[in-house]
Amino acid sequence: MTNSIPEIRDVDFLFVIGSNTSEAHPIIAMEMKLAVARGATLVVADPRAIWMTEIAEKHLQLKPGTDVWLLNAMAHVIVEEDLTDQAFVEAHTEGFGDVRRTVAKYTPEEAERVTGVSAEEIRWAARRYATTDKAGIYYTLGITEHSHGTDNVYALANLVLMTGHLGRRSTGLNPLRGQNNVQGANDAGATPVFYPGYQRVDDPEVQAKYEESWGVELRPEPGLNLNEMMKAVGKEIFGLFVMGEDVLLSEPNVLRLEKALNANEFLVMQDVFINETARFADVIFPATVFAEKDGVFVNSERRVQRVRKAVDPPGKARADWKILIDLAKACGTTWSFDGPGEIYAEMVRDAPKFAGISYERLENEVNHGYTGLQWPCATPEDPGSEYLHKGGVLRGKGLFTSVDYRPSMELPDEEYGLLLSTGRTLYHYNSATQTRREPGLIAKQPEAFVEIHPSDARKRGIEDGDRVEIRTRRGAVQAQAILSRQVRPRCIWTPLHFSEARANVLTNDAGDTVTGTAEYKVCAAEVSRVEGGAEGEHFPGSFYRESGPPR
Ligand SMILES: Nc1nc2c(c(=O)[nH]1)N[C@H]1C(S)=C(S)[C@@H](COP(=O)(O)OP(=O)(O)OC[C@H]3O[C@@H](n4cnc5c(=O)[nH]c(N)nc54)[C@H](O)[C@@H]3O)O[C@H]1N2
Ligand SMILES: Nc1nc2c(c(=O)[nH]1)N[C@H]1C(S)=C(S)[C@@H](COP(=O)(O)OP(=O)(O)OC[C@H]3O[C@@H](n4cnc5c(=O)[nH]c(N)nc54)[C@H](O)[C@@H]3O)O[C@H]1N2
Ligand SMILES: [Mo]
C-alpha cells in the first residue's frame with residue numbers, strides 16, 4: 001500500500017476494484033465504512049454484487065477480465081476533459097505522451113460495449129476520481145489474478161499519475177495483501193527476482209554487494225516464478241520443499257500438477273497441519289503456528305510488527321526458523337543465530353529500505369502513534385514512512401506505461417457456455433486447513449457451492465440447492481447450486497476452500513506475462529444437474545479422501 005490503514009477513514013473518494021473487502025479484509029473494510037459514514041463516496045468495480053456495493057454510491061458491474069477497458073476509458077475521459085494534474089505530470093512523471101495516445105481510442109461508448117458498464121457511469125467515476133483531492137484506489141485479486149494482471153495494475157497506476165493522487169495522506173494506490181506476512185516474505189526476498197528489500201538479482205551492483213556480504217558466488221538470472229516451477233515439476237524439477245502452502249488446493253489446473261507429482265522424486269513439507277499436499281510428502285516437518293513463536297510480521301501497510309509467543313507448541317512442533325536452521329546446518333553451514341532478532345538483523349543488513357529497523361526499536365518505540373515501524377526506514381533515527389512518495393516519486397519519475405486490452409485466455413464458447421470465477425468467503429481461509437477444524441465456521445459454511453444466475457439455472461433445469469457438476473476443459477467437481485443475482489448472467493462463482501470440490505481442478509494455469517500469477521478469475525465452464533443428488537448429501541469430489549472428523 002502506498003498509504004496507511006488509518007488514513008482510509010479520511011479518504012473522500014474510495015475506488016475499490018477487484019477486492020471483496022468486507023469478506024477478505026474486514027478490518028480495512030471497517031475503515032472504509034467509517035469513511036462512508038463520514039460522507040465519503042465509495043465506488044465498487046466488481047463483476048459480483050459483493051456486500052460493499054450496498055454502501056457504494058455506484059457499482060460498476062463490469063464483465064470479468066475487462067478492467068483495462070474500464071480504466072483506459074476513465075483515463076480517456078480525464079484527458080479529454082482536461083482533468084489531469086499538469087503540474088504533477090510535468091514535475092514527477094515520464095511517458096505520459098504514450099498513454100495519452102493509447103487511451104484516445106478507449107472511448108466510454110466502446111467501453112460500455114466491452115465491459116457492460118454504461119458510458120455515463122464511466123464518465124461520472126472518472127470525473128469524481130480526478131476532481132476529488134483525497135481519492136484512494138484499493139485493489140486485490142480481481143485485478144491481479146488474470147493473464148493480463150500486470151496490465152490492469154499499470155492502467156490503475158496511469159490513473160494515479162495523471163491525476164497526481166500520490167505522495168500525500170489518504171490518496172494513493174493500495175494493493176491489499178493476502179496472507180499473514182506475505183508482505184514480509186516478499187520484503188525478505190522470497191521471490192525469484194529480488195534480494196531482501198526489493199533489490200533486483202539481475203542488477204550487477206546488487207549482485208556484487210551480496211556476493212561480498214554472503215561470501216558466495218551468486219547467479220544473476222532470476223529464478224522461476226511459482227507458475228513456472230509448478231509446470232517444471234516432474235520435468236526439470238524432481239524435488240520440492242513446500243513450506244506453508246497446500247499446493248494441491250491452491251495451484252491452478254491441479255490435476256496436471258498431481259500427475260506431475262507422481263514423477264517427482266522427493267517432497268518435504270513443513271506445515272502446521274497435515275494438509276492435502278501431505279499425500280505426496282516423503283518427510284513432514286511439524287511447525288508452530290503464529291501464537292507459538294516469536295518474530296516479526298509485516299502487514300499490508302509496510303508495518304513491521306513484533307509478535308510474541310503466547311502458548312507452547314504441541315508435541316514435536318518447532319518454530320519454522322529452528323527447522324530451517326537445523327536443515328542448513330545439516331547441509332554444512334555454520335549458521336548460529338540465537339533467535340528471530342539476530343535473523344532480522346541479518347536480513348536488513350544490506351537492505352537500505354529496512355536499514356533503520358531493529359528488534360530493539362520494535363520492542364520499545366511508538367511512531368506516528370502506533371507500535372511497529374513502516375518501511376522505508378533508512379536510519380535508526382528515521383520514524384518510518386506512513387505513506388510513500390512523499391515530496392517526490394521514489395524512483396525519481398513516476399513511469400506511465402501504456403497498456404492495450406488483451407482478452408482473457410479462455411472465454412466461454414459453445415461447449416463451455418459460462419464464465420467461471422473463483423475466490424474466497426468470510427468464513428474460510430484459503431485451503432481451509434485452519435478454518436475447517438472449527439465447528440462454528442463449519443456450521444456457517446459447511447460445503448462447497450457454486451453461485452449461478454437464475455436465468456442460467458433455468459436454462460439448465462437447475463434449482464436452488466441442487467447438486468451440480470461444474471466442468472471445464474481440465475476437470476470436474478460437484479457442489480451445491482446457489483441461485484443468486486450476486487453474479488452476472490452467464491457467470492458462475494465458486495470458492496477455493498473445499499478439498500472435496502477443488503476449484504483448482506477447474507481453473508486455467510495460464511499465467512500473467514510478467515509475474516506468472518494464474519488466471520484464477522476467468523475460465524470457460526459448464527454446469528449440469530447431478531441426477532439423484534439430494535440436498536445435503538455429501539458427494540465425494542474428484543479424488544478420494546478418507547472420511548473422518550472435519551479437517
Ligand atoms: N475470509 C478470508 N479472508 C481472506 C482470505 C480467505 O481465504 N478468507 N484470503 C486472503 C488472501 S491470501 C488474499 S490474496 C485476499 C484476497 O482478497 P480478495 O481479492 O478481495 O478476494 P477474492 O475472493 O479473490 O475476490 C476478489 C474480488 O474480485 C472480484 N473480481 C473477480 N474477477 C474480477 C475482474 O475481472 N475484475 C474486477 N474488477 N473484479 C473481479 C471478485 O468478484 C471479488 O469480489 O484475501 C485474504 N483474506
Ligand atoms: N482457484 C483459486 N485458487 C487460488 C486463489 C484464488 O483466488 N482462486 N488464490 C490464490 C492465493 S491469493 C493464495 S495466497 C493461495 C493460498 O493457498 P495456500 O498458501 O496453499 O493456502 P493457506 O491456507 O493460506 O495456507 C497454506 C498452508 O500453510 C499452513 N500454515 C499456516 N501457518 C503456518 C506457519 O506458521 N508455518 C508453516 N510452516 N505453515 C503454516 C497451513 O496449515 C496450510 O497448509 O491460493 C491461491 N489459489
Ligand atoms: Mo493470497
Side-chain angles (χ1 to χ4, degrees), residues 16-26 28-29 44-53 60-68 70-71 115 138-146 148-149 152 175-182 226 242-254 269-278 285-293 295 300 317 319-320 323-324 408 419-437 441 445 486-488 491 493-497 502-508 517-523:
V16 172
I17 181 162
S19 154
N20 184 2
T21 327
S22 63
E23 296 201 60
H25 294 93
I28 286 175
V44 174
D46 199 297
R48 290 165 71 223
I50 52 172
W51 185 89
M52 294 303 282
T53 61
L60 313 180
Q61 196 168 8
L62 78 172
K63 292 179 191 158
T66 63
D67 297 81
V68 164
L70 175 74
L71 300 170
T115 64
Y138 304 85
Y139 71 89
T140 325
L141 304 179
I143 282 296
T144 55
E145 286 182 347
H146 293 277
H148 53 260
N152 288 341
L176 311 177
R177 300 307 306 247
Q179 289 159 306
N180 177 34
N181 204 37
V182 69
L226 183 59
V242 183
M243 176 175 162
E245 193 192 347
D246 195 356
V247 288
L248 289 197
L249 251 94
S250 50
E251 288 303 315
N253 190 7
V254 73
M269 179 184 134
Q270 180 166 322
D271 207 286
V272 299
F273 289 118
I274 304 273
N275 61 22
E276 296 297 325
T277 304
F285 293 140
T288 52
V289 304
F290 73 98
E292 296 162 350
K293 58 193 170 198
S300 239
D320 283 292
I323 301 171
L324 293 178
S408 307
L419 188 154
L420 168 71
S421 191
T422 63
R424 50 226 358 103
T425 72
L426 179 63
Y427 297 111
H428 288 302
Y429 194 79
N430 292 340
S431 63
T433 55
Q434 299 166 90
T435 47
R436 286 187 89 190
R437 292 167 192 279
L441 298 175
Q445 199 124 85
Q486 263 207 305
V487 285
R488 291 177 59 98
C491 291
W493 188 90
T494 194
L496 78 137
H497 309 303
R502 291 178 296 168
N504 284 322
V505 167
L506 306 168
T507 51
N508 190 354
T517 298
E519 192 146 64
Y520 292 116
K521 298 301 187 235
V522 176
C523 71

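Whatever order the structure lists them in is the order used to number ligands and atoms, beginning at 1. Note that the structure is predicted; figures quoted are calculated from it, not measured.
Remark: ligand 2 atoms within the under-4.0 Å shell around heavy atoms of T507 are 1 (N). Every atom of ligand 2 is numbered from 1 in the order shown, and the set under 4.0 Å from a heavy atom of N275 is 44 (O). The ligand atoms of ligand 2 that sit less than 4.0 angstrom from a heavy atom of T288 are 34 (C), 35 (O).
Ligand 2 lies nowhere less than 4.0 angstrom from a heavy atom belonging to E251. Within the 4.0 Å heavy-atom shell around ligand 2 one finds N504.
Side-chain contact check for D67 versus H148: every heavy-atom pair is 4.5 Å or farther apart. Between N20 and R424, the closest side-chain pair of non-hydrogen atoms is not below 4.5 Å.
Side-chain atoms of E245 and S250 form a donor-acceptor pair, as typed in the model, at a separation below 3.5 Å.
Looking at S19, its side chain never comes within 3.5 Å of a backbone N or O of T140 through a donor-acceptor pair. Under the 3.5 Å distance criterion, the side-chain polar atoms of T115 are left unmatched by any main-chain donor or acceptor of T66.
When only interatomic distances are considered, the shortest N/O to N/O separation between G244 and ligand 2 falls below 3.5 Å. In terms of polar-atom proximity, D246 is counted as a contact of ligand 2, with an N or O under 3.5 Å from an N or O of the ligand.
At a 4.0 Å heavy-atom cut-off, ligand 2 touches D271 through backbone and side chain alike.
Taking E145 as the reference, K521 meet the salt bridge (Lys or Arg N to Asp or Glu O under 4.0 Å) condition, with sequence neighbours excluded. Listed by chain and residue number, nothing satisfies the ring-ring contact (aromatic ring centres under 6.0 Å, His included) test with H25 (two or more places apart in sequence, or in another chain). Judged as a side-chain hydrogen bond (donor to acceptor under 3.5 Å, both in side chains), and not counting sequence neighbours, Q179 has no contacts.
When each of D246, N275, V247 is tested with M269 by the rule side-chain contact (heavy atoms from CB on, under 4.5 Å), just one qualifies, namely N275. Among the candidates L60, V44, D46, I143, the single residue satisfying the side-chain contact (heavy atoms from CB on, under 4.5 Å) test with I17 is I143.
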For ligand 1, list every N/O pair with the protein closer than 3.5 Å, one pair per line with the distance.
from	atom 1	to	atom 2	distance (Å)
ligand 1	1 (N)	E23	O	3.2
ligand 1	1 (N)	T425	O	3.0
ligand 1	1 (N)	L426	O	3.1
ligand 1	3 (N)	A24	O	3.4
ligand 1	7 (O)	H428	O	3.4
ligand 1	7 (O)	N430	N	2.7
ligand 1	7 (O)	N430	OD1	3.0
ligand 1	8 (N)	T425	O	3.3
ligand 1	8 (N)	H428	O	2.6
ligand 1	9 (N)	R424	NE	2.9
ligand 1	9 (N)	N430	OD1	3.1
ligand 1	19 (O)	L141	N	2.9
ligand 1	20 (O)	N20	N	2.8
ligand 1	23 (O)	R424	N	2.9
ligand 1	24 (O)	R424	NH1	2.9
ligand 1	24 (O)	K521	NZ	2.7
ligand 1	28 (O)	G18	O	3.3
ligand 1	35 (O)	G65	N	2.7
ligand 1	35 (O)	D67	OD1	3.3
ligand 1	35 (O)	H146	NE2	3.1
ligand 1	36 (N)	D67	OD1	2.8
ligand 1	36 (N)	D67	OD2	3.2
ligand 1	36 (N)	G142	O	3.3
ligand 1	38 (N)	A45	O	3.2
ligand 1	38 (N)	D67	OD2	2.7
ligand 1	42 (O)	D46	OD1	2.6
ligand 1	44 (O)	D46	OD1	3.4
ligand 1	44 (O)	D46	OD2	2.7
ligand 1	47 (N)	A24	O	2.7

